[in-house]
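The structure appears right after this line, and notes come after that.
Everything numeric in this text was worked out from a predicted model, so none of it was measured. Atoms within each ligand, like the ligands themselves, are counted from 1 in listed order.
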Amino acid sequence: MATLSMTQPPTAIDSDYIDVTTQHLVRVAGWAVLLIGCSIAVLLALDPSIQRSRVVFNLGAALVGGLALLLARMGRWRLAAHLLVWGVWLFVSLVSVRNGGVRGPNLLNYPVLIVLSGWMLGGRVTLLLAALTGVLFGGFFWADALGRMPPVPEGNTTAHMVYLCGILLLTAAATLLSRRNYLRRVVEAQRTATDLAASEAELRKLLRAVEQSPESIVITDLQECIEYVNQAFLLRTGYSRAEVLGRSSEAFSSNGLGPAQRQGLRETLARGEVWAGEQVNQRKDGRPLAEAVVVAPIRQPDGRISHFVELKQDITERKRAADEIHRLAHYDALTSLPNRSMLVEHLAGLQAQPGHGPVSVHALLLLDLDRFTTFNDARGSEMGDRLLCAMALRLSRQLPPEGLLVRVAGDEFAIVLHGLGNDVAQAGRNALAFAAQVQTALGLPMRLHGDAGPTQWTASVGITLYPQSAEDRVQDALRRASTALHRAKVLGGGQVAFFEQEMGQAAEQRFRVERELRQAIGAGELRLFLQSQVDVRGTVVGAEVLVRWQHPRDGLVAPGVFIPVAEASDLIVLLGRWVLEQACQLLARPWFARQRVRLSVNLSARQFRQPDFVAELQQMLECSGADPTLLTLEVTEGLVIEDFDDVVAKMRALVALGVEFSLDDFGTGYSSLAYLKRLPIQEIKIDRSFVRDASTNADDGALVEAILSVARHFGMRVVAEGVETRAQADYLVERAPAIVYQGFLFSRPEYQAQWLERQQAVTVGATE
Ligand code: C2E
Ligand code: MG
Ligand code: MG
């Protein structure tokens with residue numbers, strides 16, 4: 001602890017300090033000198049035989065006494081004491097010279113003066129006085145020996161009596177007074193010593209209490225530099241006293257405090273208030289130390305804050321116990337997975353906060369192992385536990401990083417899939433895909449410890465999406481998932497059921513399409529169909545490549561069924577690549593080059609955005625030997641909305657190869673003319689919805705005219721899609737004589753081999 005410094009009380013040794021004894025003595029001696037001097041002077045004056053000088057000297061002494069009293073009254077105690085001692089000494093010496101020196105009657109004065117001087121003026125003055133007196137006495141002896149000393153004159157007996165009585169009284173009074181003051185001082189000193197000893201014992205007790213306190217105590221100065229730490233702090237943190245004293249509290253005693261918390265602490269202390277909070281500080285070895293901390297200002301008696309004291313309670317153990325209680329309350333003891341109450345809490349936390357933008361839905365899956373009860377009954381609960389643990393492990397391996405896996409009860413598990421977006425249908429499909437993946441994983445053969453051979457398991461899964469509205473409650477979601485699970489169980493095990501049945505069917509169908517399409521590409525189930533594009537004279541100038549899926553079970557599937565599914569995943573890239581490859585091979589057939597017939601291939605945005613798309617197409621063209629100038633790529637307006645510059649750069653690279661671009665379904669998308677101007681586009685396709693109604697609906701008619709005029713302005717070719725009637729064709733040709741038709745009026749999409757055969761036959765016929 002910091003040493004206590006005390007200001008020493010003044011002592012009589014200090015030259016300027018006048019104590020009570022001196023004051024009393026000055027007063028007593030002053031009065032005594034005044035009275036004795038006056039009395040003797042009066043008595044001597046009445047005696048005619050006495051020399052006048054002796055009267056004057058005694059009056060002089062009395063005057064000294066009076067002056068000393070006056071100075072004392074003015075508070076000039078020391079001056080008064082000096083005046084008394086030296087003044088009286090002078091007059092006494094003058095009288096002594098007159099009265100026969102050492103043989104005279106006045107010598108008693110000197111010891112009295114020396115005693116008074118000793119009490120009033122201290123050692124040095126008294127030694128000087130004694131020395132001078134000694135010299136004076138020496139002088140007297142010397143003068144006496146030489147016979148130069150006057151004889152002892154006749155005295156006045158009364159005056160001498162007064163003198164002796166006065167001297168005796170003064171000596172007695174001065175001595176008793178001094179003794180009384182001295183004794184009082186001794187008593188006071190003893191009392192002070194006792195008080196000091198008591199307060200020191202108190203201090204030691206407090207110091208020991210602080211030092212041995214089981215809680216850490218740190219005292220810092222106002223700059224937060226550590227001035228004191230107790231033993232508990234050293235034991236807890238592992239630092240030595242030398243390592244922390246004089247160092248910043250921020251680095252040692254409160255090193256776990258975040259900037260915001262520290263700011264709060266400083267502001268509280270600046271207001272002179274007490275701060276309390278929890279901190280996780282670091283011990284010397286880096287291990288965390290959870291502490292409940294109170295920091296308080298230390299005030300001096302005048303109210304000024306001089307230090308801060310930190311009182312720190314180690315709550316690591318309490319926290320650990322709280323964590324353990326939390327774990328027991330929120331985790332399943334068998335599998336160590338979170339339990340039902342954690343699931344409820346978690347789902348409640350996912351409920352959308354009002355006004356926080358579009359709500360992202362989550363999926364809640366309830367899984368139940370089929371045949372578990374039978375297994376448990378037959379093989380015993382120990383094997384049942386083993387199976388549950390093994391299942392928990394398999395499930396946890398399937399869990400996406402942000403997912404939550406819970407053991408709800410018995411053989412029932414729950415999985416929460418987070419942030420599936422705000423497209424509910426897509427979220428449903430993702431949940432379904434995940435359920436299928438989990439079922440596959442659970443279905444792999446498993447051999448439990450103690451089992452003779454591997455067994456296979458299935459699980460029923462019930463799915464619901466959550467939250468379904470701002471009012472959707474956790475209990476509702478659990479009930480929905482449970483209903484769905486029940487439905488899946490009823491289906492006979494190994495099944496997945498949605499609570500939202502329609503969504504389940506739609507999701508199921510899309511999911512199935514996606515799964516089968518993935519295989520279909522590799523299995524050669526896709527077919528290229530071609531639909532002719534003819535000029536106003538009816539000559540085929542090109543054909544659009546349209547993909548079909550020859551499904552083994554469902555027959556020929558239209559692209560409207562599977563292209564949107566493929567576009568939602570990377571499947572469209574595989575599919576698009578396959579179509580382009582086939583189209584290039586087809587285009588490489590000599591007939592196309594001969595007839596200058598173009599092929600238009602639909603391109604998906606995702607496919608076009610592949611970083612190596614340009615290089616890939618270039619390679620396809622080179623490998624197949626197709627003429628790039630006969631290839632048209634159909635893109636939609638949606639493609640150019642994102643990353644415009646990159647798209648344009650890629651388009652330009654392909655245009656440089658000779659490939660042309662057509663803007664498909666023009667008018668249905670964003671249709672910014674500003675885009676159109678900057679895109680390297682050679683063709684526009686009027687969407688069939690406008691073509692259908694242009695001749696009958698004024699709005700559509702106006703739109704078609706506007707499209708035609710834009711195309712004319714930019715010098716683009718125009719292909720009209722979906723021309724089904726002569727009236728539509730006539731309407732168009734009236735407004736655009738160079739228009740190209742594509743529609744059922746001229747031909748339907750046809751399998752590529754047949755289409756080519758027919759075209760070849762026509763052209764051969766024409767040339768013949
Ligand atoms: P699209 O590119 O606008 O293709 C034109 C669609 O209109 C084709 O439907 C075609 O059969 C249809 N059509 C043509 N003339 C008429 C008509 O007179 N009346 C009617 N009602 N319809 C007509 P399809 O083949 O079902 O293709 C639908 C869409 O699928 C295409 O629209 C295209 O967006 C997409 N698609 C087709 N094949 C591919 C492909 O290989 N890749 C990509 N990415 N998309 C493709
Ligand atoms: Mg098209
Ligand atoms: Mg189209």
Whether Lys685 lies under 4.0 Å from ligand 1, heavy atom: no

Atom nearest to the Mg ion (ligand 2) - Asp664, N, O or S atoms considered: OD2

Per-residue contact class, Asn602 against ligand 1 - non-hydrogen pairs under 4.0 Å: both

Main-chain N/O of Phe661 paired to Gln682 side chain as donor or acceptor, under 3.5 Å: yes

Per-atom contacts of ligand 1 with Leu546, taking only distances under 4.0 Å to non-hydrogen atoms: 4 (O), 8 (C), 10 (C), 11 (O), 25 (O), 27 (O), 37 (C), 38 (N)

Ligand 1-proximal atoms of Gln607, by part, heavy-atom distance under 4.0 Å: neither

Contacting atoms of ligand 1, where contact means under 4.0 angstrom from a heavy atom of Ser604: 44 (N)

OD1 (Asp665) to the Mg ion (ligand 3) to OE1 (Glu721) angle, given to the nearest 10 degrees: 90°

Those atoms of ligand 1 less than 4.0 Å from some heavy atom in Glu634: 2 (O)

Atom 6 (C) of ligand 1: nearest protein contact (heavy atom, Å): Arg688 NH1, 3.2 Å

Ligand 1 contact on Val601 by region, counting heavy-atom pairs under 4.0 Å: neither

Atom 18 (O) of ligand 1 [closest protein heavy-atom partner, distance rounded to 0.1 Å]: Phe744 N, 2.9 Å

Protein contact of atom 38 (N) of ligand 1 - nearest heavy atom, named by residue and atom, plus distance: Val547 N, 3.2 Å

Nearest protein heavy atom under 4.0 Å from atom 45 (N) of ligand 1, yes or no: yes

Ligand 1 atoms in contact with Gly743 (distance to a heavy atom under 4.0 Å): 15 (N), 18 (O)

Non-hydrogen atom of Gly560 closer than 4.0 Å to ligand 1: no

Which of the ligand 1 atoms, numbered from 1, are nearer than 4.0 Å to a heavy atom of Pro559: 24 (P), 25 (O), 26 (O), 27 (O), 28 (C), 30 (O), 37 (C)

Salt bridge (charged side-chain N to carboxylate O under 4.0 Å, His left out) between Glu724 and Arg692, intermediate numbers included: CA-CA 8 Å; Glu724 294 183 348; Arg692 188 181 59 214; over 6 Å; no

Sidechain-backbone polar pair: Asp693 side chain, Thr696 backbone, donor-acceptor under 3.5 Å: no

Any Pro749 heavy atom less than 4.0 Å to ligand 1: yes

Side chain, backbone, both or neither: Arg748 near ligand 1, heavy atoms under 4.0 Å: neither

Protein contact to atom 15 (N) of ligand 1 [nearest heavy atom, distance to 0.1 Å]: Gln531 NE2, 2.9 Å

Geometric N/O contact Gln742 with ligand 1, under 3.5 angstrom: no

Which of the ligand 1 atoms, numbered from 1, are nearer than 4.0 Å to a heavy atom of Asp664: 1 (P), 2 (O), 3 (O)

Expected output: side-chain His362 to main-chain Tyr466 donor-acceptor under 3.5 Å: no

The Mg ion (ligand 2) to Glu634: nearest N/O/S atom name: OE1

Glu544: its N/O/S atom lying closest to the Mg ion (ligand 2) (atom name): OE2

Close-contact set for ligand 1 against Gly722 heavy atoms, below 4.0 Å: 15 (N), 16 (C), 17 (C), 18 (O)

Heavy-atom nearest option to atom 25 (O) of ligand 1, drawn from Arg548, Glu721, Glu724, Arg692: Arg548

